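Structure first, then comments.
Everything numeric here is computed off the predicted structure, so don't read it as measured data. To find a chain, count down the sequence lines: A is the first, B the second, and so on, and within it residues start at 1.
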Number of protein chains: 2
Amino acid sequence: MTKKYVYDFSEGNKDMRNLLGGKGANLAEMTCLGLSVPPGFTITTEACNRYYDENESLWPELLEEVEMHIKETEKKLNKKFSDENNPLLFSVRSGAVFSMPGMMDTILNLGLNDKSVIGLANSTKNERFAYDSYRRFIQMFADVAMDIPKVHFETALEQMKEDKKVDLDNELTAEDLKKLVDIYKKIYVEETGNEFPQDPMVQLKYSIEAVFRSWNNPRANIYRKLHNIDNTLGTAVNIQSMVFGNMGDTSGTGVAFSRNPATGENKLFGEYLINAQGEDVVAGIRTPEHISTLHDVMPEVYDEFLNTANKLEEHYKDMQDLEFTIENGKLFILQTRSGKRTTQAALNIVVDLVNEGLISKEEAVMRIEPDSLNQLLHPNFDPEQLKNAQLISKGLAASPGAASGKIYFNAEEAVEAAKKGDKVILVRQETSPEDIEGMISAEGILTARGGMTSHAAVVARGMGKCCVAGASEVVVDEAQKIMRSNNFVLTEGDVISLNGNDGSIYFGNVDKVEPELSGNFEIFMNWVDEIRNMKVRTNADSPKDAKQALKFGAEGIGLTRTEHMFFSDERIPAVREMILSKTTEQRKIALDKIRPMQENDFYEIYKVMEDLPVTIRLLDPPLHEFLPTNKKDIEKLAKDMGLSYDEVNDTVQDLHEVNPMLGHRGCRLAVTYPEIYRMQARAIITAALRHKKEGRNIVPEIMIPLVGDVKELIYVKNEIIDEINTIFEEYSDKVEYLIGTMIEVPRAALLADEIAEEADFFSFGTNDMTQMAFGFSRDDAGKFLGEYEEKDIYPTSPFESLDQKGVGKLLEIAVEKGLKTNKNLHLGICGEHGGEPSSIEFCYNLGLDYVSCSPYRVPIARLTLAQATVKKQNIDTGHIDK
Amino acid sequence: MTKKYVYDFSEGNKDMRNLLGGKGANLAEMTCLGLSVPPGFTITTEACNRYYDENESLWPELLEEVEMHIKETEKKLNKKFSDENNPLLFSVRSGAVFSMPGMMDTILNLGLNDKSVIGLANSTKNERFAYDSYRRFIQMFADVAMDIPKVHFETALEQMKEDKKVDLDNELTAEDLKKLVDIYKKIYVEETGNEFPQDPMVQLKYSIEAVFRSWNNPRANIYRKLHNIDNTLGTAVNIQSMVFGNMGDTSGTGVAFSRNPATGENKLFGEYLINAQGEDVVAGIRTPEHISTLHDVMPEVYDEFLNTANKLEEHYKDMQDLEFTIENGKLFILQTRSGKRTTQAALNIVVDLVNEGLISKEEAVMRIEPDSLNQLLHPNFDPEQLKNAQLISKGLAASPGAASGKIYFNAEEAVEAAKKGDKVILVRQETSPEDIEGMISAEGILTARGGMTSHAAVVARGMGKCCVAGASEVVVDEAQKIMRSNNFVLTEGDVISLNGNDGSIYFGNVDKVEPELSGNFEIFMNWVDEIRNMKVRTNADSPKDAKQALKFGAEGIGLTRTEHMFFSDERIPAVREMILSKTTEQRKIALDKIRPMQENDFYEIYKVMEDLPVTIRLLDPPLHEFLPTNKKDIEKLAKDMGLSYDEVNDTVQDLHEVNPMLGHRGCRLAVTYPEIYRMQARAIITAALRHKKEGRNIVPEIMIPLVGDVKELIYVKNEIIDEINTIFEEYSDKVEYLIGTMIEVPRAALLADEIAEEADFFSFGTNDMTQMAFGFSRDDAGKFLGEYEEKDIYPTSPFESLDQKGVGKLLEIAVEKGLKTNKNLHLGICGEHGGEPSSIEFCYNLGLDYVSCSPYRVPIARLTLAQATVKKQNIDTGHIDK
């Protein structure tokens, strides 16, 4: 039996999305539910993959199968494809497994040609409509299938409107449009060297190929990279009989959500346009009406739509994003899918759905993308500052959040500026898929045109990025790089602030304050913690960070970097004195100046954390990081220290390293200068003793970085223990403490069995381990990692997402070997991967005791771990396919 | 039963060296052979280890056991320990498992005190001898057991000689010596606060402790480090009844080898002194007589000694190094051991021994330390230049070789200068164990005093270092740092040349030429190759290197570094033009200039290697290595290139890397600029095609460096294959070729199964892998690795000797995984470890196909592999304990 590559909508269902794509599966599901879906069929994602296997060509059997399904559709509708009298026309749409808005190309009105256009005119008794459809089709086909720039057609259209002295497209007459069709066909000949194809099967063949090709267009690739979608999934092609929203005032088209995607409110939310085709709504050229007004215009249609939305929501147990068309007063549903939403909305919706009894807590937890919590955690504008902020204008609150930055008027320059470290606001007339990289780089996005479902709004919400859209008072001149509104004239590099919660645009920077996390967030995170069974700690170097992390649910500190405390103005002189010391005695004197300050740091951090564990990493960076490098600063330092320029400069030169990342740092410092770690150990322990006196029981966890051999650990540990025992004698008092090690040097992972015998805990430093395992430094890899991602050698940067195959293998070895010799070994991760969902899940499956991440990542880690738990339980009980 | 810690000489044998030390085992063996050995006993190495376990104190049971053995010795000799009439005296000597000349301390005449000295005088009828022995004992005991500087005693002796107006020690009378004993005892009281111990058991206890302590003195530790001797072996203590070489003109003492240790000639070789104790010979204060003259002085003793030497040599099947004493015409053998020898001598001896039927070829191969071959391989002076060289003086040809360098007069400054990269000649009056680090650093050693068995001579031969000793015409003023001879007055930093083969000392530098390797070397290396079953290739970047390596027996090239070819004056402009290119097209134009030169490089190398394999590594270093960094050079380059300073400087700044070792290099260059590797692949293949036209069949092995992922390898490989296929079409001709990869990035080792599917061969780049696995860079680790070695964390630098536990584990993983997916995978190593014996042996046991090393290490690698083969066969057949 030959493989089936084409499925009628009546042959599929929602669970076949891998084969039919999301759109196709849902069209099939709705067809089977008996909803009013225009008939059609879907070419499978397998066909797409075969298309690439066949060197991007369609094989004859596929077209035969398509023709068979066309015939079936003709039967159902009693129309003939591209007929001269009553023509059946098709839309051709892509349909990937995961929804990729704006990424893929669509062709409408396929089947129109010089003859069938007359048939359409006759059958609909609307010649103007027929020619309008034909000219739209020519343009879309030319654009999508033939790569002819739209501007040619748009210029011709504008010219025609000018000639006819009309403002709007729909003021052009059937005659005008006929002429325009001829002009369009001429443009087509000029651009391609061929006549516009009249054979509808040729039109269809080219269109199918265009959809398949669009799977690999650069925008789609970027989107997939951003959302970690597998490149080999392929796209399906949905071929659906056309219905027309542009047949007059009883026709229309719209998009709507079954609940509010910005807030989650359980109320229809959407827009429609009368006498328009679908792309008119999303393109944002005409400003659409709110869906609620449809109730007044066509009450029956509205009710049917509302019922359909509710039915679908109940069926899918989730908020739905629907596309519909009204053709001569009849409602058709063209698409349904789980709607994209803000995280706030998502949270509110899942809490509601649980309360409505539609889903379980576990299902609720699985519904929120961990990274999306970012949207809720980040600061809002300081209300006090906001009182005095100068309002430039207001637009639509398209995606919540607060952002300030320098304005840039195109994606490339926004990307460049962000690379340089600037905070950037991307300001555009309206955005298009070409802007996607600029949007990724920006803190926030401002558009002058487009509604709540415009490209900018949809994509920004998906990214959790602040967006103000459709700010109609703002004039954006992209070419001249000027933005005007009221009395403001802003140019590239000027700073503005956007409030994505209410659409306000402010001049200059506005400070931000921490969000209140309560209500549904709290309810939801409680469910998360009920389900989760692995700890989350935080990386915090100050009481302030520690407090923030506690608020976000941290259950301890997994990493306190002591060196950050060395840089403050009142400390750096003593640090430098220590480094410039010629003898151990001099060094000890300098260290004695730093010690009380360090002791106080630890005292304060313990105080915040109370009885939660606190892991303190001893000095890690090479000493030259604390010294100046340019002549002027060296001179100043020499003067401050009462040394000659040469003395200081000699030390600077002596400490210079060819590869500082692979240099004299971490515990290597303590092998040569044990007094440094002794001082830190003293500060750590005396701070704990102070708390003990005050009745609190602190058990410090002392962490030794960059260990590569058990003998190195033993040497450093013995120095520390010796110092601690001296303290205990001096104070005639004791505290418990742990001594553990970072596992970040690859050799340490390979010899973890030996090291574990001397360590109370391991904490995986996956930042350094990634650098060493790959052999490229984070500071330098930027020069080539982009190319590696583009060439698909490393699909994502291993600094963002843990390299599970390589670095992960080292972790596996270390865990296995470590537990073999030390059953009580505590295991954690404190590299930045500890806050990245896929890496966290890996750590969960590896059996670590905790992940530690920056305070803002703590809720994300909690949610990821809850999801990992659910997945594992379901895998264990066979509920979910692996 | 309590453990036995003391063995009488009659209780042991030569196979008990682990327990009794080398010296003790051999004394036992000789005793059992019936040779004339003064009776005595040995305290075991286990006692030494227990001494350290007991916090450096002797436990009572040990002393009881010692006393029991003293009593037995008393019975044998019919003397009493420290008796007032006929006293038994002892020597106390250390005896480690491996011979450590000059490292351990010795005490003679133990048991003398104010009473037994009179007994000795009476029993020997020689009062002068008795008090001379007593004063020597006090000085030795004070020095070795009590750490009292010898200079105190020497000053007193000189004073006495001055007072008595005599020149030589033996001109002092018994009365003089009696007074000297009183003075020495006063010095002892002044320095220690205690009386000189009169109780012989106290003397013995302190002496045993001193021997045990000396195991851990810094000199001993350095020696062990240099010779890779385990620190935990411990030393035995040999307590032997004294015989006296200083009892008059029928007494004497000497050291001799059963064959010539410099040439291997089968003839007694050694020195003796009449009326002297052992330390007089090795200290080089009096110039000793050649052993052959003993034949005239005491013919019977000479014959007995000759017979003994022959007997021992036959028994041990090796050249022996003997110490003997003649007491009143009676010969005593005090020590025998396998003698240290020059490599040339060692080779000649083993070839002779095989020819004499005493040992097998396999045994012969096991007898030569691979590293020692260095001595034979290195250049001698150019005979032409030698004709015009200015001879300063001549000394003894103490250790062969040729060396030139700047003279330094003490070890510290020699070490410093060598660290700065200077070639150094250490010039000393005579050397002592304190000079050992200076000797390691030096190219050659010159001493004014001391014979062929002086410290300098023995140690230099052990190190394979050129040494001219006993250059009596040369006056060395160490304090003023002046060396005078004839009309030459040389000061620190002046350059001299030493010929260790004939003892000549030349002014200035003399060029060196390659040695002739023939005769016994050739015979021996043929045996090596008969036994060896793994290949040795060489790392060679030029036809000259390749020729040298072939001469040394290389069986192919394992690494040709193409970048070295980029630096020559006529090429670097094109290389820089390539780097400064703004477009791919510009870059290709510049590369086209380099290509013909590279093609010719490869053509010439193939020509030298004929049908042997040649592995060529594609460009590896980061591009900035080819650009200047200082302003002046950048200006010049800009001018040469017709660019502005800023243009060039921008590129220099752009290419700057924080961690160049972890930067944009290796195949990463080819991912961003595939045209570079394409150019190199073209040069490699077209050069092979040229040879094919000329009738030679070259199969180039193209090696891709720094691969971290199979996709990276595939990308780069595809570019290369595409280029090669283009060449094949252009030339309408083909050659076979291999494409393989360096395994040097740890991740590559972990994912070797995937990578092996795309590679014809793996070559382990253990230099980079060591840096990445340990996380320290070779350039920077110098700052702390010394401390790590001292603190015994890394006993040897992992850059010198492969870290078998860590890096070796990665190699193991890579080999196992690689062969799993690619049974035909070729495996080799091209890091510098490929020339280091212990690393080579590891690679052998790992099952690699070849090691590749620098040309001069090729014979060493061949020998190491032969030895590894013998070891493995013996282990397999159970002949050698593991």
Flag the pair A/D709 / B/Y794 as yes when at least one side-chain heavy-atom distance between them is below 4.5 Å, and no otherwise.
yes
Is there side-chain contact between A/V671 and B/F784, with heavy atoms separated by less than 4.5 Å?
no
Option in A/G786, A/S777, A/G806, A/A781 with maximal non-hydrogen atom pairs under 4.5 Å from chain B
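The candidate making the most pairs under 4.5 Å is A/S777.
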Chain B contacts, top residue of A/D768, A/D803, A/L706 (heavy-atom pairs, under 4.5 Å):
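Among A/D768, A/D803, A/L706, the one with the most close pairs to chain B is A/D803.
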Stepwise side chain to side chain contact (heavy atoms under 4.5 Å, CB included) check, A/V807 with B/R747
CA-CA 7 Å; A/V807 177; B/R747 188 176 193 269; 5.7 Å; no
For the side chain of [X] and the backbone of [Y], is there at least one donor-acceptor N/O pair under 3.5 Å apart?
X: B/K711; Y: A/D792; value: yes
X: A/N659; Y: B/M661; value: yes
X: B/K783; Y: A/G663; value: no
X: B/D780; Y: A/V658; value: yes

List the atom of B/R668, the atom of A/F774, and the distance in Å for their closest heavy-atom pair.
NH2-O, 2.9 Å
Please flag which part of [X] lies under 4.5 Å from any non-hydrogen atom of chain A: side chain, backbone, both or neither.
X: B/I813; answer: side chain
X: B/F776; answer: both
X: B/P798; answer: neither

With a cut-off of 6.0 Å (strictly less than), are more than 12 heavy atoms of other residues, nucleotides or ligands near NZ of B/K582?
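Yes, NZ of B/K582 has more than 12 neighbouring heavy atoms, counting only those of other groups under 6.0 Å.
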Looking at B/K791, I want to see if its NZ is surrounded by more than 12 non-hydrogen atoms of other residues, nucleotides or ligands under 6.0 Å.
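Check passes, neighbour count above 12.
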Return the NE2 to CG distance between B/H664 and A/L785, rounded to the nearest 0.5 Å.
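Here the interatomic distance stands at 10.0 Å.
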Under a 4.5 Å cutoff for heavy-atom pairs, which residue among B/Q771, B/E712, B/R778, B/E744 has the most contacts with chain A?
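It is B/E712.
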Run the salt-bridge test on A/E754 and B/K805 with the 4.0 Å N-O cut-off and return the result as yes or no.
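B/K805 and A/E754: salt-bridged.
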